[in-house]
Amino acid sequence: MADSLPLCPECSSEHAYEMGALLVCPMCGHEWSPSEASSDSADEPAEKVVKDAVGNVLSDGDTVTLVTSVKVKGSTGIKAGTKVRGIRLIDPVNGHDIDCKIDGFGAMLLKSSVVKKA
């Protein structure tokens with residue numbers, strides 16, 4: 001039964017026990033309700049913030065400019081200073097967290113470290 005109880009949120013002790021409607025940690029004396037423990041774990045996955053090379057926060061639909069030239073297989077590459085409109089933030093794929101279309105080139109994935117917000 002002790003295996004199913006959560007760790008103490010104060011000292012991370014595994015020796016918590018139930019006392020009525022509360023959970024109690026004998027190591028530090030902290031008392032908390034089981035509903036608080038489950039709501040804390042639900043709050044942990046916060047929205048990930050993506051920042052550009054300068055530190056500005058990026059969001060979907062932003063216009064960005066490349067700060068470095070990007071080499072592309074089978075092409076001459078994309079020069080620094082190229083504007084990219086209407087970016088879309090995605091879950092990172094091999095470090096690339098921006099999905100976009102570049103005029104004259106097509107669809108591409110970019111890293112946020114090579115762009116700055118325009």
Notebook entry, point to check: Is it true that Arg88 and Asp60 have a side-chain N and a carboxylate O under 4.0 angstrom from each other?
Noted result: no

Notebook entry, point to check: Do you know the tightest heavy-atom contact between Cys11 and Cys25?
Noted result: SG-SG, 3.5 Å

Item checked: Criterion side chain to side chain contact (heavy atoms under 4.5 Å, CB included) against Val64, the qualifying member of Val84, Thr82, Val114 -> Val84

Margin query: Is it the case that the side chains of Ser112 and Asp52 hold a donor-acceptor pair, with the cut-off being a distance below 3.5 Å and no angle test?
Written below: no

Next item on the list: Enter the distance from His96:NE2 to Asp91:CG here, rounded to the nearest 0.5 Å.
Entry: 15.0 Å

Note to self: Would you say Leu23 ends up clustered with Met27 if hydrophobic residues are merged whenever their side chains have heavy atoms under 4.5 Å apart, either directly or through other cluster members?
What the structure shows: no

Next item on the list: Supply the atom-to-atom distance Tyr17 OH to Cys8 SG, rounded to the nearest 0.5 angstrom.
Entry: 11.5 Å

Margin query: Holding to salt bridge (charged side-chain N to carboxylate O under 4.0 Å, His left out), I want the full list of residues that pass it with Asp62, two or more places apart in sequence or in another chain.
Written below: Lys117

Item checked: Transitive ILVMFWY side-chain link Val24 to Trp32, under 4.5 Å -> no

Next item on the list: State the CG-CD1 distance between Leu110 and Ile87, to the nearest 0.5 angstrom.
Entry: 8.5 Å

Margin query: For a quick test of reading the model, state the closest non-hydrogen atom pair linking Ala53 to Val67 and the distance between them.
Written below: CB-CG2, 4.3 Å

Next item on the list: Would you kindly confirm whether Leu66 and Val72 end up in one hydrophobic cluster when ILVMFWY residues are joined by side chain heavy atoms under 4.5 Å apart?
Entry: yes

Next item on the list: Could you tell me whether the side chain of Leu58 reaches within less than 4.5 Å of the side chain of Val115, counting heavy atoms only?
Entry: yes

Next item on the list: With the side chain counted from C-beta on, respond yes when Pro9 and His30 share a heavy-atom pair under 4.5 Å apart, and no when they do not.
Entry: yes

Item checked: Student check: side-chain heavy atoms of Ser13 and Cys28 closer than 4.5 Å -> no

Next item on the list: Output the distance between atom NZ (Lys83) and atom OG1 (Thr63), rounded to the nearest 0.5 Å.
Entry: 7.0 Å

Notebook entry, point to check: Should Ile78 and Met108 be marked as a side-chain contact (heavy atoms from CB on, under 4.5 Å) after you check the CA-CA gap, both sets of side-chain angles, and the distance that decides it?
Noted result: CA-CA 11 Å; Ile78 303 168; Met108 176 171 228; 3.4 Å; yes

Note to self: Measuring only between side-chain heavy atoms, which start at C-beta, is Lys51 closer than 4.5 Å to Val49?
What the structure shows: yes

Checklist line | Test item: Asp99 and Leu89 side chains (from C-beta on) under 4.5 Å apart, heavy atoms | finding: no

Item checked: Qualifying residues under side-chain hydrogen bond (donor to acceptor under 3.5 Å, both in side chains), relative to Arg85, sequence neighbours excluded -> none

